[in-house]
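Below is one structure, written out as structure tokens, with a few remarks after it.
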Amino acid sequence: MFNIFKERMATNISRIEINTDLDKVWSALTKPELVKQWQYASELTTDWKIGSKISFKNEWESKVFEQYGTVLAFNPNKNLKYSLFFPRPDVEDKPKNYFEMEYRLTTIGSKTLLEIIQEDNRADAKQEEIQGEENPILKSLKILLERE
């Protein structure tokens with residue numbers, strides 16, 4: 001007998017073309033000093049080895065927030081993927097409360113297409129429309145990389 005009631009999963013996608021080469025976009029995604037410049041001043045900690053820990057820590061309104069998980073894929077200049085847990089008082093640190101982030105890169109002429117896929121089966125996950133430059137994180141990344 002199979003279960004016809006599957007857990008729902010929100011798959012949210014963001015896409016943006018950045019007017020720079022793939023190497024620069026890859027560096028901005030993977031080097032802590034660059035991640036900090038476009039991702040809410042987050043301090044990235046990882047060695048990018050599959051199975052290794054990854055964490056993002058930042059401060060907002062005098063409170064420290066840390067998301068953590070595991071590196072799931074790392075293919076230089078192609079894609080990376082990791083799981084993340086965002087601790088909250090009402091949410092247990094269990095696999096069902098993690099979400100996954102994947103970053104895919106594609107060269108389009110002299111530009112780079114960045115696609116971010118968030119797969120989320122947490123209870124409060126919402127399915128959203130595909131986002132682009134209206135996404136503040138992507139806009140910040142694009143500005144950082146195109147100002148050179």
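Numbers here are sequence positions counted from 1. Side chains included, hydrogens not; waters and symmetry mates left out as well; all remaining heavy atoms used. In this text the structure is predicted, and so the values were computed from the model without any measurement.
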Under 3.5 Å donor-acceptor, N58 side chain and A41 backbone: no
Spatial distance of atom CD1 (I143) from atom CD (Q37) [nearest 0.5 Å]: 12.5 Å
L80-V71 co-clustered via ILVMFWY side chain contacts under 4.5 Å: yes
Distance-only criterion, 3.5 Å: show the donor-acceptor pairs between side-chain atoms of residues 49-57 and protein atoms not counting sequence neighbours.
unit_1, atom_1, unit_2, atom_2, d
S52, OG, D47, OD1, 2.8
S52, OG, D47, OD2, 3.3
S52, OG, K49, O, 3.2
S55, OG, E66, OE2, 3.4

Audit row: Y68, D93, side chain to side chain contact (heavy atoms under 4.5 Å, CB included) steps and yes/no: CA-CA 10 Å; Y68 55 85; D93 185 350; 2.7 Å; yes
Atom pair NZ/OG of K139 and S14 - distance to nearest 0.5 Å: 14.5 Å
Heavy-atom check, side chain of L72 versus side chain of S83, under 4.5 Å: yes
Pairwise distance CG(N77) to OG(S27) - rounded to 0.5 angstrom: 7.5 Å
Hydrophobic cluster of L34, others only, ordered by chain and residue number, side-chain cut-off 4.5 Å: none
Contact check, side chains of S42 and F65, non-hydrogen atoms, under 4.5 Å: no
Point-to-point distance, once rounded to the nearest 0.5 Å, from CD of Q67 to CG of L84: 5.0 Å
Residue pair N79 / A73: nearest heavy atoms and the distance that separates them: ND2-CB, 4.3 Å
Side-chain (W38) to main-chain (L144) donor-acceptor, under 3.5 angstrom: no
Step-by-step side-chain hydrogen bond (donor to acceptor under 3.5 Å, both in side chains) determination, Y82 to Y98: CA-CA 10 Å; Y82 50 82; Y98 281 64; over 6 Å; no
side-chain hydrogen bond (donor to acceptor under 3.5 Å, both in side chains) against D21, all qualifying residues, sequence neighbours excluded: none
Validation row: L141, I16 side chains within 4.5 angstrom (heavy atoms): no
Shortest non-hydrogen separation from N97 to E92 and the atoms involved: ND2-O, 2.8 Å
side-chain hydrogen bond (donor to acceptor under 3.5 Å, both in side chains) involving E100 - partner list, sequence neighbours excluded: K81
Residues in side-chain hydrogen bond (donor to acceptor under 3.5 Å, both in side chains) contact with N19, at least two apart in sequence or another chain: none
Exam field: side chain K142 to backbone E17, donor-acceptor pair closer than 3.5 Å: yes
Value rounded to 0.5 Å, distance of NZ in K31 from CG in L44: 12.5 Å
I116 and L138, any side-chain heavy atoms less than 4.5 Å apart: yes
Closest non-hydrogen atom pair between V25 and T20, with its separation: CG2-CG2, 3.7 Å
Joint cluster assignment, F86 & W60, ILVMFWY side-chain distance < 4.5 Å: yes
Close side-chain approach of I137 and Y40, heavy atoms under 4.5 Å: yes
Ring pair (Phe, Tyr, Trp, His ring centres under 6.0 Å) partners for W26, two or more places apart: F74
For the student: nearest non-hydrogen atoms of T46 and W48, plus distance: OG1-N, 3.2 Å
Side chain to side chain, T106 and E115, heavy atoms closer than 4.5 Å: no
Side-chain touch L29/L105, heavy atoms, less than 4.5 angstrom: yes
CD-OG1 distance between E119 and T11, expressed to the nearest 0.5 angstrom: 5.0 Å
